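Please read these numbers as outputs of a predicted model, since none were measured by experiment.
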Amino acid sequence: MTGFRTLSSGLRALRPAAFGADPAGARMRRIRNSPNFADGVFQNPESARTRPDGSMVEFAKVYFRSEERAHRSPAGTVPVHATTLADLAGPAATGLRLTWMGHSSVLAEIDGHRVLFDPVWGERCSPFAFAGPRRLHPVPLPLAELGPVDVVVISHDHYDHLDMPTIKALGGTDAVFAVPLGVGAHLEHWGVPEGRIRELDWNESTRVGGITLTATPARHFCGRGLRNTQHTLWASWVAQGEAHRIYHSGDTGYFQGFKEIGAAHGPFDATMIQIGAYSDFWPDIHMTPQEGMRSHLDLQGGRPAGVMLPIHWGTFNLATHAWSDPGEGTLAAARAVGARVALPRPGEPFEPTAETVPSEPWWRGAARAPKGGWPAFEEAVADTPGDIADGSTEDTGEPEAVPAG
């Protein structure tokens, strides 16, 4: 038996630190007692296929088709807002300010507190420095210049949402970490003190300063290492301050639970909704822009209230759809239902409850134009408002495509 133990220890030693750690001990006992854990794994609120539909051969044909590959990356320089500490130093005039840093990373300044969602400052969303999806634009400002953060919120443990170097850097600050059940094992493995980790199951809340954070359901999956044990939960999040409340979707497929989340915690001043890295190959775990807008309406009680900020796009090439498609699709979906949507450049702060929010299709200057050119802004509409609001999945002309986490 000694030889086997030595071999096992040797294999563990070869495991990259970025893989994190599997839950064990009291943490694993809590996981097993979760109402969302059954048959040895966490369960989705609605059935979901977490592996690509169809054959890998078919997927490879689509993914490597040369005429489409060119459109999956920007043709020019992505116009990043040169965020400075001065941009973020003063308090938000309205009490709520959001700064999208790219992909799903958002700094939310809410009622005097600073909440950082899914911070990924790494060059690649990968366990390896030499391989994996690479940034399509630089981070808007260095992490050290972001200023103090009260709480870091993680939606799940995929590499494009949980970045080891970023977590290690933030672990050296006074920030509290709010994470789904099981994810704390990764953070402790990387040196974050146990006392600064709040680990929540769905529908559990924690209070950090004047902010109440609630982990809410999402339809996705988890995993970082070679063994995908599904022992870490995924979540969306509600952050409620004294005067404002916001929602971050994390990664999720569309599901009826958005209505329940909205009824329990909404309406929201702003929703941050995943609208990129979607695909016909995995329709259950990521949303198209049309589904993202439908979820926004569900969260707002069926009305186009508040502001929707599209996230999970523009920074990494994780899909087979064109780089500009999520932005164009969001424009169309918002126009169709009369919803207010914010379209900031990465790093551009804005206040969702202010009179105006960024609304120009900035990506067009960096993207490859479609055949026939860009549609006029006022013509960028889906078929009818009903196509989104009533839950129809009829095609609205938006090409669909692929996620990696």
Rounded to the nearest 0.5 Å, what separation is found between the [atom1] atom of [X] and the [atom2] atom of [Y]?
X: Ile31; Y: Arg29; atom1: CD1; atom2: CZ; answer: 11.0 Å
X: Arg364; Y: Ser324; atom1: CZ; atom2: OG; answer: 8.5 Å
X: Arg114; Y: Leu107; atom1: CZ; atom2: CG; answer: 5.0 Å
X: Glu204; Y: Ser34; atom1: CD; atom2: OG; answer: 8.0 Å
X: Thr77; Y: Leu136; atom1: OG1; atom2: CG; answer: 11.5 Å

Assess the residue pair Thr252 and Met287 against the criterion (side chain to side chain contact (heavy atoms under 4.5 Å, CB included)); give the C-alpha distance rounded to whole Å, side-chain angles, the decisive distance to 0.1 Å, and a yes or no.
CA-CA 7 Å; Thr252 182; Met287 293 189 290; 3.8 Å; yes
Could you check whether Ser236 and Thr216, counting side-chain N and O atoms only, form a donor-acceptor pair closer than 3.5 Å?
yes
Just checking, any donor-acceptor pair under 3.5 angstrom between side chains of Trp363 and Glu328?
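Per modelled atom types, Trp363 and Glu328 side chains form a pair under 3.5 Å.
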[X] side chain to [Y] backbone, donor-acceptor under 3.5 Å:
X: Glu199; Y: Gly184; result: yes
X: His286; Y: Ala277; result: yes
X: Trp237; Y: Ile154; result: yes
X: His231; Y: Gly223; result: no
X: Trp190; Y: Ala17; result: yes
X: Gln43; Y: Ala38; result: yes
X: Trp323; Y: Gly314; result: yes
X: Trp121; Y: Val139; result: no
X: Asp87; Y: Thr84; result: yes
X: Trp202; Y: Trp234; result: yes

Does the pair Ile311 and Ile275 meet the rule for a side chain to side chain contact (heavy atoms under 4.5 Å, CB included), with working shown?
CA-CA 6 Å; Ile311 60 171; Ile275 50 82; over 6 Å; no
Ring geometry between Phe268 and Tyr247 (parallel below 30°, tilted from 30 to 60°, perpendicular above 60°):
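Plane angle between 30° and 60°, so tilted.
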Ring geometry between His312 and His103 (parallel below 30°, tilted from 30 to 60°, perpendicular above 60°)
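Aromatic pair His103/His312 classed tilted.
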Answer yes or no: is there a side-chain heavy-atom contact under 4.5 Å between [X] and [Y]?
X: Asp163; Y: Cys125; value: no
X: Asp174; Y: Pro148; value: no
X: Leu213; Y: Val208; value: yes
X: Phe37; Y: Asp201; value: no
X: Glu145; Y: Pro142; value: yes
X: Pro344; Y: Leu309; value: yes
X: Pro133; Y: Asp160; value: no
X: Val176; Y: Val152; value: no

Among Glu242, His265, Arg207, find the residue that satisfies the side-chain hydrogen bond (donor to acceptor under 3.5 Å, both in side chains) test when tested with Thr212.
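Single side-chain hydrogen bond (donor to acceptor under 3.5 Å, both in side chains) partner of Thr212 among Glu242, His265, Arg207: Arg207.
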Single hit among Asp298, Thr288, Asp284 for side-chain hydrogen bond (donor to acceptor under 3.5 Å, both in side chains) with Tyr254
Asp298
Could you walk me through whether Ser105 and Asp118 pass the side-chain hydrogen bond (donor to acceptor under 3.5 Å, both in side chains) check?
CA-CA 5 Å; Ser105 303; Asp118 283 356; over 6 Å; no
Do you know the tightest heavy-atom contact between [X] and [Y]?
X: Pro352; Y: Arg340; value: O-NH1, 2.8 Å
X: Trp362; Y: Leu343; value: CD1-O, 3.2 Å
X: Ile285; Y: Ala48; value: CG2-CB, 4.4 Å
X: Val307; Y: Val341; value: CG1-C, 4.3 Å
X: Ser295; Y: Ile273; value: OG-CG2, 3.6 Å
X: Ala108; Y: Ile246; value: CB-CD1, 3.6 Å

Which residue is it: Ile167, Asp157, Leu170? I am looking for the one with a side chain to side chain contact (heavy atoms under 4.5 Å, CB included) to Leu187.
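The side chain to side chain contact (heavy atoms under 4.5 Å, CB included) with Leu187 is passed solely by Ile167 among Ile167, Asp157, Leu170.
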From the list Val151, Asp150, Val149, side chain to side chain contact (heavy atoms under 4.5 Å, CB included) with His113 holds only for Asp150
Sub-6.0 Å ring centroid separation between His71 and His321
no
Is the His156-Phe221 ring centre distance short of 6.0 angstrom?
no
Compute both the distance and the angle, then confirm whether Arg224 meets the cation-pi test with Tyr159: under 6.0 Å from the six-membered ring centre, within 45 degrees of the axis.
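Because its charged atom sits under 6.0 Å from the ring centre and within 45° of the axis, Arg224 does stack over Tyr159.
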Dump the intermediate steps for side chain to side chain contact (heavy atoms under 4.5 Å, CB included) on Val183 and Leu233, then the final yes or no.
CA-CA 7 Å; Val183 174; Leu233 188 59; over 6 Å; no
Could you walk me through whether Leu200 and Thr206 pass the side chain to side chain contact (heavy atoms under 4.5 Å, CB included) test, one step at a time?
CA-CA 8 Å; Leu200 305 184; Thr206 188; 4.0 Å; yes
Report the C-alpha distance between Trp313 and Gln274 in whole Å, list the side-chain angles of each, state the deciding distance to 0.1 Å, and finish with yes or no for side-chain hydrogen bond (donor to acceptor under 3.5 Å, both in side chains).
CA-CA 8 Å; Trp313 76 289; Gln274 173 264 305; over 6 Å; no
Run Arg27 and Glu188 through salt bridge (Lys or Arg N to Asp or Glu O under 4.0 Å) and show every step you take.
CA-CA 12 Å; Arg27 179 175 279 116; Glu188 286 185 33; 2.6 Å; yes
Could you walk me through whether Thr353 and Asp269 pass the side-chain hydrogen bond (donor to acceptor under 3.5 Å, both in side chains) test, one step at a time?
CA-CA 7 Å; Thr353 59; Asp269 295 290; 5.8 Å; no
Dump the intermediate steps for side-chain hydrogen bond (donor to acceptor under 3.5 Å, both in side chains) on Thr315 and His137, then the final yes or no.
CA-CA 6 Å; Thr315 303; His137 65 78; 2.8 Å; yes
If you apply the rule salt bridge (Lys or Arg N to Asp or Glu O under 4.0 Å), what do you find for Glu348 with Arg97, and how did you get there?
CA-CA 10 Å; Glu348 182 180 3; Arg97 181 166 58 206; over 6 Å; no
